[in-house]
S.K.: 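Take this structure first; my questions come after.
No hydrogens, no waters, no symmetry mates; every other heavy atom, side chains included, goes into these values. For clarity, every value in this text was computed on a predicted model and none was experimentally measured.
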Amino acid sequence: TTGIKLIIAPHEIGAAHLDQIRTFFPNCIFYSKLLEGEHHNSITSNVLVIDSIGILSALYRYADFCYVGGGFNKSGVHNILEAAVYGKPIVIGPHHQKFAEAVGLVEAGGVYSANDSEGIAVQLSELFKQPNKRKTAGEICEKYVNGKKGATEKIMDQIHPLTEQVALHLMGDPLVHTKLEDFINICESKNTKIFLVTNGVLMREKQAQLLLRPIVNQVNFSLHSYID
């Protein structure tokens, strides 16, 4: 549809899967190529493919609305809070019942669930055509997240007597989380060490200084590589 710009962050970034995406969007741009300085079709293309792990959570802020995957697998939908925190309306598949935030936001009207691809297309089309619907759903998501503020400290109050260390990894790269410094401060106040996993792609001076804090006990760098 004319006027739509897509940012696609596939769950798998192997060469075969990326080639499949390219067949659907022949004029797409790959994030890695932009980093290498290749901008030849950046003006004419309306599709950006993120062929890197760990930066999706930082990209949701640029969206008008989002589709979050995983909802058609038995394992369930992926993390919707990464989009909800930016006040973005969200569309997901049917398998979300074991995630309290997904159930809550579907009931509240900030997230729309569909049972098949046709239903997903309908929901996305309506969000594209109806700015008031986008605005209302986005506000519901933002209000929901803001209403849960303080949850990290409450969780730490419960678990810090049971463990000497917590792990920050999975469901997105910790370095792109806007509240990382708050998390570190909370762990420091509870004297609970931190084990953190990152791919380091978005490492900047501020994040580096946070990782040098004494409470950060271990940092692992996860490298995604290809097999010829």
S.K.: If the condition is side chain to side chain donor-acceptor pair (under 3.5 Å), which residues does Asp116 pass it with, not counting sequence neighbours?
M.R.: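 Scan of Asp116 (side chain to side chain donor-acceptor pair (under 3.5 Å), adjacent residues dropped) gives none.
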S.K.: For the OH atom of Tyr86 and the CZ atom of Arg61, what is their distance to the nearest 0.5 Å?
M.R.: 3.5 Å
S.K.: What do you reckon, is OH of Tyr62 surrounded by more than 12 foreign heavy atoms closer than 6.0 Å?
M.R.: no
S.K.: Hey, are the side chains of Leu18 and Pro10 touching, using non-hydrogen atoms and a 4.5 Å cut-off?
M.R.: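 Yes, side chains in contact.
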S.K.: Taking a hydrophobic cluster as the set of Ile, Leu, Val, Met, Phe, Trp and Tyr residues connected by side-chain heavy atoms closer than 4.5 Å, whether directly or through intermediates, do Leu168 and Leu162 fall within one such cluster?
M.R.: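 No, Leu168 does not connect to Leu162 through the hydrophobic network.
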S.K.: Verify side-chain contact (heavy atoms from CB on, under 4.5 Å) between Asn146 and Lys149, making sure each step is shown before the conclusion.
M.R.: CA-CA 5 Å; Asn146 288 336; Lys149 284 184 175 179; 3.3 Å; yes
S.K.: Are the side chains of Cys141 and Lys88 in contact, using a 4.5 Å heavy-atom criterion?
M.R.: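 The answer is no, as the side chains (C-beta and beyond) never meet within the 4.5 Å cut-off.
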S.K.: Quick check on the hydrophobic clustering: are Ile155 and Phe183 connected, directly or via other members, by side-chain heavy-atom contacts under 4.5 Å?
M.R.: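 No, Ile155 does not connect to Phe183 through the hydrophobic network.
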S.K.: Testing the basics here: between Ala63 and Cys66, what is the closest heavy-atom pair and its distance to 0.1 Å?
M.R.: CB-SG, 3.7 Å
S.K.: Measure the shortest side-chain to side-chain distance between Thr192 and Glu164 over non-hydrogen atoms and say whether it is less than 4.5 angstrom.
M.R.: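 Contact flag for Thr192/Glu164 side chains = no.
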S.K.: If hydrophobic clusters are built from ILVMFWY residues whose side chains come within less than 4.5 Å, do Phe24 and Leu124 share one?
M.R.: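 Linked, Phe24 and Leu124 end up in one cluster.
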S.K.: Pick out which of Ile120, Val106, Leu105 makes a side-chain contact (heavy atoms from CB on, under 4.5 Å) with Ile92.
M.R.: Val106
S.K.: Taking the side chain as every heavy atom from C-beta outward, state whether Asn79 and Leu56 have any atom pair closer than 4.5 Å.
M.R.: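 The answer is no, as the side chains (C-beta and beyond) never meet within the 4.5 Å cut-off.
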S.K.: Cation-pi between Lys33 and Tyr31: NZ/CZ under 6.0 Å from ring centre and within 45° of the ring axis?
M.R.: no
S.K.: A cation-pi test, strictly: NZ or CZ of Lys133 under 6.0 Å from the centre of the six-membered ring of Tyr112 and no more than 45 degrees from its axis. Yes or no?
M.R.: yes
S.K.: Please check: side-chain N/O of Ser189 versus main-chain N/O of Ile186, any donor-acceptor pairing under 3.5 Å?
M.R.: yes
S.K.: Could I get the full list of ring-ring contact (aromatic ring centres under 6.0 Å, His included) partners for His11, not counting sequence neighbours?
M.R.: His78
S.K.: Is any side-chain heavy atom of Cys187 less than 4.5 Å from a side-chain heavy atom of Met156?
M.R.: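 Contact flag for Cys187/Met156 side chains = yes.
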S.K.: Can you find a pair of side-chain heavy atoms, one from Leu196 and one from Gln218, that are under 4.5 Å apart?
M.R.: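 A side-chain contact under 4.5 Å is absent here.
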S.K.: Say you draw a straight line from CD1 of Ile215 to NZ of Lys193; how long is it, rounded to the nearest 0.5 Å?
M.R.: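 Output value for this atom pair is 5.0 Å.
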S.K.: Classify the side-chain pair Ser45/Asn27 by whether it contains a donor and acceptor separated by less than 3.5 Å.
M.R.: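 Result is no, nothing qualifies.
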S.K.: Going only through I, L, V, M, F, W and Y residues with side-chain contacts under 4.5 Å, is there a path from Phe72 to Ile8?
M.R.: yes
S.K.: Working to the nearest 0.5 angstrom, can you tell me the gap between Leu180 CG and Leu210 CG?
M.R.: 5.5 Å
S.K.: When you check the gap from the basic side-chain N to the acidic O, do Asp19 and Arg22 get nearer than 4.0 Å?
M.R.: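 Yes, Asp19 and Arg22 are salt-bridged.
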S.K.: Side-chain contact test, heavy atoms from C-beta onward, threshold under 4.5 Å: evaluate it for Ile55 versus Asp173 and give yes or no.
M.R.: no
S.K.: Any idea how Phe65 and Phe128 line up, ring-wise: parallel (<30°), tilted (30 to 60°), or perpendicular (>60°)?
M.R.: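 Taking Phe128 first and then Phe65, their aromatic rings stand perpendicular (interplane angle over 60°).
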S.K.: Could you tell me whether a side-chain N or O of Thr136 sits under 3.5 Å from a main-chain N or O of Asn132, the two making a donor and an acceptor?
M.R.: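 Judged by distance alone, yes, a pair lies under 3.5 Å.
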S.K.: Would you confirm whether His96, through its side chain, and Pro94, through its main-chain N or O, come within 3.5 Å as a donor-acceptor pair?
M.R.: yes
S.K.: Please step through side chain to side chain donor-acceptor pair (under 3.5 Å) for the pair Arg213 and Asn185, ending with a clear verdict.
M.R.: CA-CA 10 Å; Arg213 298 264 290 269; Asn185 289 339; 2.6 Å; yes
S.K.: Measure the spacing between OH of Tyr144 and CG of Leu81 and express it to the nearest 0.5 Å.
M.R.: 7.0 Å
S.K.: Just to verify, what does Lys135 make a salt bridge (Lys or Arg N to Asp or Glu O under 4.0 Å) with, not counting sequence neighbours?
M.R.: Glu139
S.K.: Applying the 4.5 Å side-chain criterion to the ILVMFWY set and letting contacts propagate, would Val85 and Tyr60 be lumped into a single cluster?
M.R.: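 Yes, one cluster joins them.
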S.K.: With heavy-atom distances below 4.5 Å as the criterion, would you say the side chains of Thr152 and Asp182 are in contact?
M.R.: no
S.K.: Working to the nearest 0.5 Å, report the span between CG of Leu48 and CG of Leu59.
M.R.: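 Reported to 0.5 Å precision, the distance equals 7.5 Å.
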S.K.: Could you tell me the separation between the NE2 atom of His17 and the CG atom of Asp51, rounded to the nearest 0.5 Å?
M.R.: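 Result: 11.5 Å between the selected atoms.
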